[in-house]
Peer 1: 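Got a structure for you, written out below as structure tokens; questions coming shortly.
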Amino acid sequence: MTVTASETTTDTRVQAIFTDVLDSLLGIIRKHQVTWEEYRVATEWLTQAGNQGYEIPLMLDVFLSTTVDDVNFAAQGGTECNVEGPFYVPDAQLLERPYVLPQREAEPGEHLVFSGTVRSTDGSALAGALVDVWQASAAGEYSNIHPTVPEGNLRGRMTTDASGRFDFETIVPPPYAIPDGGATAQLLKALGRHLIRPGHIHFKVSHPACRALTTQIYFEGDPFIDSDVVGAVKDSLVIGLVRNGEAETRCSYDFVLTPNDKL
Ligand code: DHB
Ligand code: FE
């Protein structure tokens with residue numbers, strides 16, 4: 001669905017969707033009797049957002065991306081999807097066993113062992129599945145995005161063994177605030193909402209025989225689990241952290257992929 005200046009033929013998809021968008025907006029103006037002053041504020045806000053580099057994609061992410069994801073990747077019996085978010089970097093380091101996400105010497109944060117399996121919806125183990133992981137540091141900062149975090153930090157790819165298992169060492173990711181100071185944050189504050197996502201680890205899990213899965217895992221007891229700014233949390237993706245005193249914190253998740261022939 002591309003629109004170019006020289007295009008003269010009607011794009012029926014654009015026509016169908018935009019007609020509905022416009023109908024909704026005009027309905028809202030009538031319903032709320034929007035004033036010229038409010039219209040002016042909205043226009044200025046959009047202009048500002050457009051001039052702030054990343055703010056329009058951030059706003060679309062916050063308000064719309066979870067629903068686009070759900071429409072396109074309904075679970076079909078496998079693990080539920082969850083938005084990729086803005087911080088994925090392809091081609092992260094391919095790790096060797098034992099898997100440890102690349103980190104700084106004395107990486108701050110609570111040490112975590114994450115273990116899991118990758119299976120198909122028919123129950124069979126998926127050996128050699130690729131598990132691509134990325135997450136924020138204990139300061140809520142992503143590598144390759146935040147300049148003080150070394151490139152590739154807390155990002156890595158690994159494969160499952162013959163029985164579909166993997167495990168890796170990392171740190172527990174903290175709740176994370178989306179960028180403050182721009183048009184998106186200004187709107188969220190006007191709505192009485194905070195800017196915070198609960199702590200989460202991002203995953204892309206793939207195997208040649210199955211549909212690739214992009215999802216996130218969250219943790220029980222996180223104070224922001226019920227008020228994610230992006231509205232992405234799904235109950236099936238929330239897991240417990242098992243703490244064995246100070247010594248060790250563990251968690252596990254079994255990912256289930258849909259075979260290509262079941263799509
Ligand atoms: C968004 C998603 C994330 O996973 C994240 O860490 C920050 C922002 C987002 O969808 O805007
Ligand atoms: Fe994230």
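Just so you know, ligand 1 is whichever comes first in the structure, and atom 1 is the first atom listed for that ligand.
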Peer 1: Return the option from L58, D61, D228 holding the heavy atom at the smallest distance from atom 9 (C) of ligand 1.
Peer 2: D61

Peer 1: Side chains of R165 and T117: does their closest heavy-atom pair fall under 4.5 Å?
Peer 2: yes

Peer 1: Under 30°, 30 to 60°, or over 60°: which ring-plane class applies to Y176 and H200, parallel, tilted or perpendicular?
Peer 2: perpendicular

Peer 1: Which of the atoms of ligand 1 are close to G85, meaning less than 4.0 Å from one of its heavy atoms?
Peer 2: 2 (C)

Peer 1: Rounded at 0.5 Å granularity, tell me how far CD in E169 sits from CD1 in I171.
Peer 2: 12.5 Å

Peer 1: Does any N or O of ligand 1 fall below 3.5 Å from an N or O anywhere on R197, backbone included?
Peer 2: yes

Peer 1: Does ligand 1 have an atom that lies less than 4.0 angstrom from a heavy atom of E84?
Peer 2: no

Peer 1: Among all protein non-hydrogen atoms, which one is nearest to atom 6 (O) of ligand 1, and what is the separation to 0.1 Å?
Peer 2: Y142 OH, 3.0 Å

Peer 1: Just go through P57, P86, G140 and tell me whose heavy atom is the nearest to atom 1 (C) of ligand 1.
Peer 2: P86

Peer 1: Compute the ring centroids of F166 and Y99, then answer whether they are less than 6.0 Å apart.
Peer 2: no

Peer 1: For the 3.5 Å polar cut-off, considering only N or O atoms, please tell me whether Y176 and ligand 1 meet it.
Peer 2: no

Peer 1: Which of parallel (below 30°), tilted (30 to 60°) and perpendicular (above 60°) describes W134 and Y88?
Peer 2: tilted

Peer 1: Distance check below 2.8 Å: does Y142 bring an N, O or S atom to the Fe ion (ligand 2)?
Peer 2: yes

Peer 1: Is any side-chain heavy atom of R193 less than 4.5 Å from a side-chain heavy atom of S227?
Peer 2: no

Peer 1: Which N/O/S atom belongs to H200 and is the closest one to the Fe ion (ligand 2)?
Peer 2: NE2

Peer 1: Aromatic ring centroids of F87 and H202 under 6.0 Å?
Peer 2: no

